[in-house]
Amino acid sequence: MSYIKVSNIKLNIDSTNEDAIKKALDKVGLKDAKNIEIIKLSIDARKKPDIKKIYTVGFETDKDIASKDGVVVLNEKPSYKYEITGEEPLSKRPIVIGFGPAGMFASYLLAINGYKPIIIERGGRVEDRVRSVEKFWETNDLDFESNVQFGEGGAGTFSDGKLNTGNKDRGNRIKFVLDTFVKFGANEEIKYDFKPHMGTDVLTELVRHMREDIEAHGGQFFFDTKVIDITKDDVISVKTEDITFEADIVVLAVGNAARDTFEMLTSNGFDIEAKPFAVGFRIEHKQKDINKNQYGFEDNRLGAAPYKLVYHSDSGRTIYSFCMCPGGYVVNSSSEDNRLVVNGMSYSERDGENANSAIVCSVTPDDFNGSGPLAGLDFQRKIESNAYEEGTGKIPVQKLIDLKQGVETTGLGAITPNTKGEYKLSNLSNVLPADIIDAIIEGINYFGNIIDGFDDDDVVLSAVESRTSSPVRIVRNDNLQSNISGIYPAGEGAGYAGGIVSSAVDGIRVFEKIIEKYKPF
């Protein structure tokens, strides 16, 4: 039985998956095959209005098929494989700290292979977390431990749920991540869509189902349980406010907002270094205008259109779009007192009136006006304090024309902010350093040459997008352990990923290192 991949199948936009499958089979002279699947679907909109869907189709057959242009023959269907080779016994159950994507996949693979992990999450179960987040958006009453940043599922749960990544799928780990998401409730389309996403409404259910499966395989969860100290003598000691756990190995999968954890790790001798990240604003446009520019029509027949933009300024800074949310909301994503940060979120239908995206500018340790591994963290806190003060606790919002002129916005134009959490008309010049704002404006002006209306006067900006990635990296060796042996930093917070999929893959890589050394119970 061979596995056949037929690529570059071009069809009109009203064509269906069934049309693509028929054309793929016709190309190799088959009437039928086994385990037929869509591998990839992308949109070619370069020659509007002649937009094409581009498919790749896969299937299995016992017929003799020859490789040719657009047809690849494999011995078997690609899949994720691993082998448990470790011989060293564990005296205590492994601990996973944090249940965002890295912690979720490390925990899941450990659980289904008999390692019986203990998972410690400072925030609440996702169903409880949803209630606390919605209460915050309605009343501005922030739960400092269970919010958009902290809790089951991680910060990505309250996002667009984007699953695209720049990582190459060596070893089929990304395929495993997507297949697992589908297993626990995501739509099959995420396995092949060129810009896969799930949406917050789907993610909240998926995370719960994954937790329940981990529990069914012997995993044990401690929610609303904050780790306050990690030390090692003969064994690793993980101290919370109520319980002290002991372990031979710990997967440290905290999110990039876990600033108090970074401070604790630094004081306890962990090797941590500052790293570059990016800061900026959220920008909103009418989704129909983005559709018109990208596809040539305003409706959603191809779904709400995304975009991806990048600009390299003369000053050497890179300005780019980040976490673009078609048909989404700008959400108050704060997690600390008197500090405010925004993010983008979409539901699975992506049917909101506005498109939003972060437009961010790269920053390096040279921008932090300080030294030491936590200088970037301090920089984030400073600009988030500025945003909170500027909006008096609400999301500060400004029209683009007013930002360019450095004056407070007093009235909106064609675009009304689509937010979760209240907003206040403000002057965002008071939030970020002037040179960063200048670079962002320069980038937006350039993007106006690519997308019509991107730099219109009435375009709305919100502050502050400051948590694009972790401001630190917890240094690890070739075995993915920190300088404190037995502790495996993983995911975005540790500085090794930049989104849901890359974080999940990093959690898988940590699992692989664990099973190289240790055997299950």
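Other residues, nucleotides and ligands contribute over 12 non-hydrogen atoms within 6.0 Å of the NZ atom of Lys424. In Asp69, the CG atom is not crowded: 12 or fewer heavy atoms of neighbouring residues, nucleotides or ligands sit closer than 6.0 Å. Environment of CD in Glu353: sparse, with no more than 12 heavy atoms of neighbouring residues, nucleotides or ligands closer than 6.0 Å. Atom NZ of Lys292 is surrounded by 12 or fewer heavy atoms from other residues, nucleotides or ligands within 6.0 Å. By the neighbour-count criterion of 12 heavy atoms within 6.0 Å, atom OH of Tyr446 is sparsely surrounded, having that number or fewer from other residues, nucleotides or ligands. Heavy-atom neighbours of Arg259 CZ from other residues, nucleotides or ligands within 6.0 Å: above the threshold of 12. Other residues, nucleotides and ligands contribute over 12 non-hydrogen atoms within 6.0 Å of the NZ atom of Lys275. Within 6.0 Å of atom CD in Glu442, more than 12 heavy atoms from other residues, nucleotides or ligands are found, so the atom counts as buried in its surroundings.
With contacts defined as side-chain heavy-atom distances shorter than 4.5 Å, the pair Arg476/Pro489 qualifies. Side chains of Ile38 and Asn17 form a contact here, defined as non-hydrogen atoms less than 4.5 Å apart. Between Asn332 and Glu422, the closest side-chain pair of non-hydrogen atoms is not below 4.5 Å. Taking the side chain as every heavy atom from C-beta outward, Asn187 and Met198 never approach each other to under 4.5 Å. When side chains are defined from C-beta on, Val207 counts as touching Met104, because their heavy atoms get closer than 4.5 Å. Between Ser333 and Gln149, some side-chain heavy-atom pair lies under the 4.5 Å cut-off. Looking only at side-chain heavy atoms (C-beta outward), Asn386 and Asn430 stay at 4.5 Å or farther from each other. The side-chain heavy atoms of Leu400 and Val460, taken from C-beta on, include no pair separated by under 4.5 Å.
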(Q) Could you go through Arg317 and Thr364, starting from their C-alpha distance and side-chain angles, then the distance that decides it, and tell me whether this counts as side-chain hydrogen bond (donor to acceptor under 3.5 Å, both in side chains)? (A) CA-CA 10 Å; Arg317 294 189 185 275; Thr364 70; over 6 Å; no
**Q.** Intermediate values then yes/no, side chain to side chain contact (heavy atoms under 4.5 Å, CB included), Asn418 and Val330
**A.** CA-CA 6 Å; Asn418 208 11; Val330 174; over 6 Å; no
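Taking the six-membered ring for Trp and the full ring otherwise, the centers of Phe99 and Tyr108 sit at least 6.0 Å from each other. Two rings, from Tyr320 and Phe447, have their centers 6.0 Å or more apart.
Going from atom CZ of Phe136 over to atom CZ of Phe144 covers 9.0 Å, rounded to the nearest 0.5 Å. For the atom pair Ile272 CD1 and Ile474 CD1, the distance stands at 5.0 Å (nearest 0.5 Å).
A salt bridge (charged side-chain N to carboxylate O under 4.0 Å, His left out) with Asp50 is found for exactly one of Lys52, Lys53, Lys47, Lys48, namely Lys52.
Closest approach of Phe158 to Thr200, counting heavy atoms only: CA-OG1, 3.5 Å.
No hydrogens or angles considered: a donor-acceptor pair under 3.5 Å links the side chains of Asp201 and Ser348.
With a 6.0 Å cutoff to the six-membered ring centre and a 45° limit on the axis angle, Lys40 does not count as a cation-pi contact of Tyr192. For Arg339 and Tyr388, the positive end is not near the middle of the six-membered ring at less than 6.0 Å and at most 45° from its axis. The cationic atom of Arg350 (NZ for Lys, CZ for Arg) does not lie both less than 6.0 Å from the six-membered ring centre of Tyr347 and within 45° of the ring axis.
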